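In what follows, a single structure is set out as structure tokens and then discussed.
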Amino acid sequence: MQFQLPLIYPYSFELTTKRLRTFEKTSFVADGDKLSRTMHGSRGPLLCTVEPLAGENALRVEIEGALAEGEAEEIKRKVARMFSTQVDLTPFYEQMREHPVLAPVIAEREGLHFVLEPSLYECVVKTIIGQQLHVSFAATLIQRFQELAGSKAVFRGREWVLFPTPEQVARLKYEELQALQFNRRKAEYIIDFSRKVVNGELSLEALWSLSDEEVLHTLLPIRGIGRWTVECVLLFGLGRPDLLPAADIGLRNTLKRVYGLDHQPGEEEVRQWGESWAPYRSYVTFYLWDSLDNVK
DNA sequence: GGCCAGGCTAGCA
DNA sequence: TGCTAGCATGGC
């Protein structure tokens with residue numbers, strides 16, 4: 001199946017997918033302009049390939065694999081959501097255009113959009129793995145985790161790994177993740193979380209209809225999930241526009257640099273600044289993170 | 001070699 | 001209620 005997804009200008013495919021080609025390359029495989037990744041379809045593995053359509057202000061999408069009756073529309077919606085094709089950044093840019101400090105940081109990244117994970121489960125697990133680790137080491141762990149627990153599928157004559165399902169992870173033993181250099185507690189967090197999803201104690205699909213606050217209250221009691229993790233899930237899983245992970249060390253380091261401070265700002269300080277960024281705090285956070293990536 | 005990473009929990013005051 | 005050691009490893 002092939003289809004096109006119209007984009008809302010401004011949209012830069014290059015800026016938007018840059019992080020997928022660098023330290024998030026565990027999800028997507030790049031081939032020139034094209035990016036491919038596997039997804040779970042209702043009838044088995046799918047391969048989704050996305051590329052910009054020159055001069056058309058649209059994405060060209062190809063889906064390989066068996067689709068069920070009526071599944072095509074669902075996949076189109078999912079890919080559109082993943083690549084934020086229907087998000088209009090114009091009001092965000094207008095609000096921030098006069099900002100004394102952030103205006104240039106934002107202007108340099110005109111057209112940068114979120115790329116969301118295809119499933120909330122994948123988002124939560126990757127975020128837990130990434131807690132307080134170097135991004136590059138987290139990527140290594142995610143890779144090993146996928147190889148260990150995920151299914152394989154063959155497309156175009158090569159083997160692709162799928163992100164593990166909750167069922168596959170629920171069957172693992174803690175020791176199997178420890179052998180991949182997960183620490184004991186992180187192994188427990190991930191496997192125990194997966195078991196909650198499998199036994200129905202937690203419905204991730206239900207999160208879509210909840211407010212940010214309600215999502216926070218739903219996920220926070222789960223062991224291994226703190227405020228930062230929920231905020232990342234709201235951002236990168238649900239695509240909510242007004243989140244501020246004020247405790248994030250990367251964000252605080254970036255603010256120190258961008259604002260030219262002599263100290264690393266505390267959580268409260270970050271929240272106070274963030275008030276003037278509402279209702280687009282997620283975008284400011286994301287743009288600042290992007291500027292952090294470029295400094296390293 | 002030491003300290004810190006895009007945190008979180010358990011244990012202690 | 002608030003603070004801190006410990007976690008498992010890589011990078012600087």
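What you are looking at is a predicted structure, and each value in this text was computed from that prediction instead of being measured. Proteins come first, then strands; the chains are lettered A, B, ... in the order of their sequence lines, and each starts at number 1.
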Is it true that the NZ or CZ of R19(A) lies under 6.0 Å from the centre of F114(A)'s six-membered ring and within 45 degrees of the ring axis? no
Which part of the nucleic acid, if any, lies within reach of R223(A) when heavy atoms closer than 4.0 Å are counted: base, sugar-phosphate only, or nothing? sugar-phosphate
Identify whether any heavy atom of Q131(A) sits under 4.0 Å from a base atom; if not, whether one sits that close to sugar-phosphate; answer base, sugar-phosphate or nothing. sugar-phosphate
T140(A) near the nucleic acid: base, sugar-phosphate alone, or nothing, with a heavy-atom cut-off under 4.0 Å? nothing
Once you round it to whole Å, what is the distance between C1' of dG11(C) and CG of N253(A)? 15 Å
Do other residues, nucleotides or ligands put more than 12 heavy atoms under 6.0 Å from K34(A) NZ? no
Determine the contact category for F236(A): base if any of its heavy atoms lies under 4.0 Å from a base atom, sugar-phosphate if only primed atoms, P, OP1 or OP2 are that close, otherwise nothing. base
Looking at F28(A), I'd like to know if the NZ or CZ of R37(A) sits under 6.0 Å from its six-membered ring centre while staying within 45 degrees of the ring's axis. yes
Looking at every strand, decide which applies to L220(A) at a 4.0 Å heavy-atom threshold: base, sugar-phosphate, or nothing. nothing
Between R158(A) and W160(A), is NZ or CZ placed under 6.0 angstrom from the six-membered ring centre and within 45° of the ring axis? yes
Look at Q181(A) and dA8(C) and indicate whether a side-chain polar atom (N or O) is within less than 4.0 Å of OP1 or OP2. no
Pick base, sugar-phosphate or nothing for I225(A), based on heavy-atom distances below 4.0 Å to the nucleic acid. sugar-phosphate
With a non-hydrogen cut-off below 4.0 angstrom, is G130(A) in contact with a base, only sugar-phosphate, or nothing? nothing
Provide, to the nearest angstrom, the distance between the CG atom belonging to N183(A) and the C1' atom belonging to dA5(B). 14 Å
dT9(B) pairs with, by Watson-Crick or G-U criteria that keep both distances under 3.5 Å: dA5(C)
Over all strands shown, is L251(A) touching base, sugar-phosphate only, or nothing at heavy-atom distances under 4.0 angstrom? nothing
Step through it carefully: locate the ring centre of F163(A), locate the ring centre of F145(A), and say whether they are under 6.0 Å apart. yes
Please give, in whole Å, the distance from dG11(B) C1' to R185(A) CZ? 11 Å
Return the nearest nucleotide to the side chain of F137(A); candidates are dT9(B), dG7(B), dG10(C). dG10(C)
